[in-house]
Amino acid sequence: MRYDGLTRFLFRLITSLPLLASAAAALLCARRLLHYFQLESYQFYGYFKTVARQWKKAVLPSAVLGALFFGIYFLAYSADHAAEPFRPLRLLAIYLPAAAVIVLIGYLVAVRQRKAKEKKPFVMTARMKRLYIILGVVAVALCLVSPLFVMALPLLVALAALIALPFEKGIQRMYMHDAQRKLDAQKALIRIGITGSYGKTSVKVILNTLLSQKYNVLSTPASFNTPMGLTRVIRERLEPAHQVFLAEMGARHRKDIKELTDFIHPTIGVLVSVGPQHLDTFKTMENIIDTKYDLIRALPADGFAAFSDDGGVCADLYAKTTHVPKAIVNRKGGDVWAEDMRVSDQGSDFTLCFADGSRVPCRTRLLGAHNIGNILLCCAVARHLGLSNTQLQRGISQLQPVEHRLQLLRSAGGVTIIDDAFNSNPRGAKAALDVLSHFPGRRIIVTPGMVELGAQEVSFNHEFGYQMAASADVCVLIGKKHTLPIQDGLRDAGFNMDNAHVFASLSEATTWLQGFMRPGDYVLYENDLPDHYTEN
């Protein structure tokens, strides 16, 4: 009986080799799906939307591989049962090559995925390593039942993420509590929260430069604007010598800003803008307004709130705010405004005006009237914190363009590039077109349009095309399907469609532009969609 048991064990082990190989191949092929999950900030809603939008890349490979793996296993199983009774070496000769072929196919698919050009590379973070381990356990458990489970690889990734979720929440709470203790230890630290539908990062960078004229400032880098992003900055970078902490606060869902204010407890709030951004998750403008205003609601009575007068939502929110001292900018006769504005391809000149009668002539390398508005917003906060006019003037002169946000780049061939690749909203796109319209020479725009605008995405892109017609001489559109509303807007505005060129990808457009551009051209790159938004 002992030998019978050993025989059964060896038989199951050997015949399971292709099934285990299917699990290994699934892990190798899961990289793209895990990248989608990472790009969507580990949000299930966004992940499934990406899988649906990118179904050819996300679903078809695993479906074909699952069928192929099952076919290989079936052939091995048939060869086994057509032969003599159990012999381990003969079974190894059948199942081991089958397992090797399955792993090889998975490896080749993984190599192909890794070689694909990525705008935002896949990062093997600690969280991603944990997710990989759980996905491995799930894949082995299910593929031992049938290699057909590889066909459901997008669902396996989601299942692994769901299993990992309680552990990840616990880890996040642990890290956040540690960061909270570090914040609480610095009672005198000035905590400034910055939020808005767009312009947050630019305002943060400007404010950092201005306040650094007087204070030791810690600012969140790049777009670190989530709970874990802020946690990491606090734990790794906050020092006792820091006097000011600038916290950019991003949001995609209704309670996101409240979660951040409960964590940071800001004493100063900066509301940059409120507009249609991330409508696919917020659903309504009312949800966006309530979410952004959560920053102002969280301020203490002895705090300070700064608003930009947009003639709309921000102005209304300023008017309703009564529980905290406040300032509004961009309104002549308000707290801070600009006069004598002159914008060129060299930067901007303006007179900085305060309600107390102060007038400060200023010059900055930043482009566009909207950037002057951002500067004014930062000046209101800086003035509140005691900076002098001389310090403000010096800080404004030191401002550098934020990378990929209306960044002016001179090429050796006499072509000027205006890099606004990180902009993806109606207000920012309109501001970029206004900047382009001030430049001499032939004006070219390269854009895939805007995304994450929910049911209004088509209408916003149509309006974008309509506005484009007045500012650009040549339009280079990326994505044959997504840019159809832009093309309609161009036609409705009377644009000469012979000067509108549509390409399937940015690389194709770039190749064409190399032979089209000439000295004296200005080329605006307006928005660059991430990998999970590119058309199949």
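None of these values were measured; they are calculated from a predicted model. The basis for the numbers below is simple: all heavy atoms, side chains too, and nothing from hydrogens, waters or symmetry mates.
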Take atom CZ in R237; do more than 12 heavy atoms of anything else shown fall under 6.0 Å from it? no

Using the side chain to side chain contact (heavy atoms under 4.5 Å, CB included) criterion, which residues pair with T220? Sequence neighbours excluded. K204, F224, L230, V233, F245, E248

Would you please name every residue forming a side chain to side chain contact (heavy atoms under 4.5 Å, CB included) with T364, sequence neighbours left out? S348, F350, L366, I375, I396, L399

Residues forming a side chain to side chain contact (heavy atoms under 4.5 Å, CB included) with A493, sequence neighbours excluded: Y466, A469

Ring-face cation contact, Y42 with R127, 6.0 Å cut, 45° max: yes

Centroid separation under 6.0 Å, is that true for the rings of F37 and F44? yes

Hits for side chain to side chain contact (heavy atoms under 4.5 Å, CB included) against Q467, two or more places apart or cross-chain, chain-then-number order -> K430, L433, E463

I'd like to know if the side chain of T261 and the backbone of K258 have a donor-acceptor N/O pair within less than 3.5 Å. yes

Filter on salt bridge (charged side-chain N to carboxylate O under 4.0 Å, His left out), then keep only pairs touching residues 221-235, sequence neighbours left out; what's left? D178-R235, R232-E236

Name all pairs fulfilling the salt bridge (charged side-chain N to carboxylate O under 4.0 Å, His left out) condition that reach into residues 488-514, sequence neighbours left out, sorted by first residue then second. D488-R491

Establish, yes or no, whether the cationic atom of R31 lies under 6.0 Å from the six-membered ring centre of Y36 and within 45° of the ring axis. no

Is any NZ, NE, NH1 or NH2 atom of the basic residue among D473 and R442 found under 4.0 Å from an Asp or Glu carboxylate oxygen of the other? no

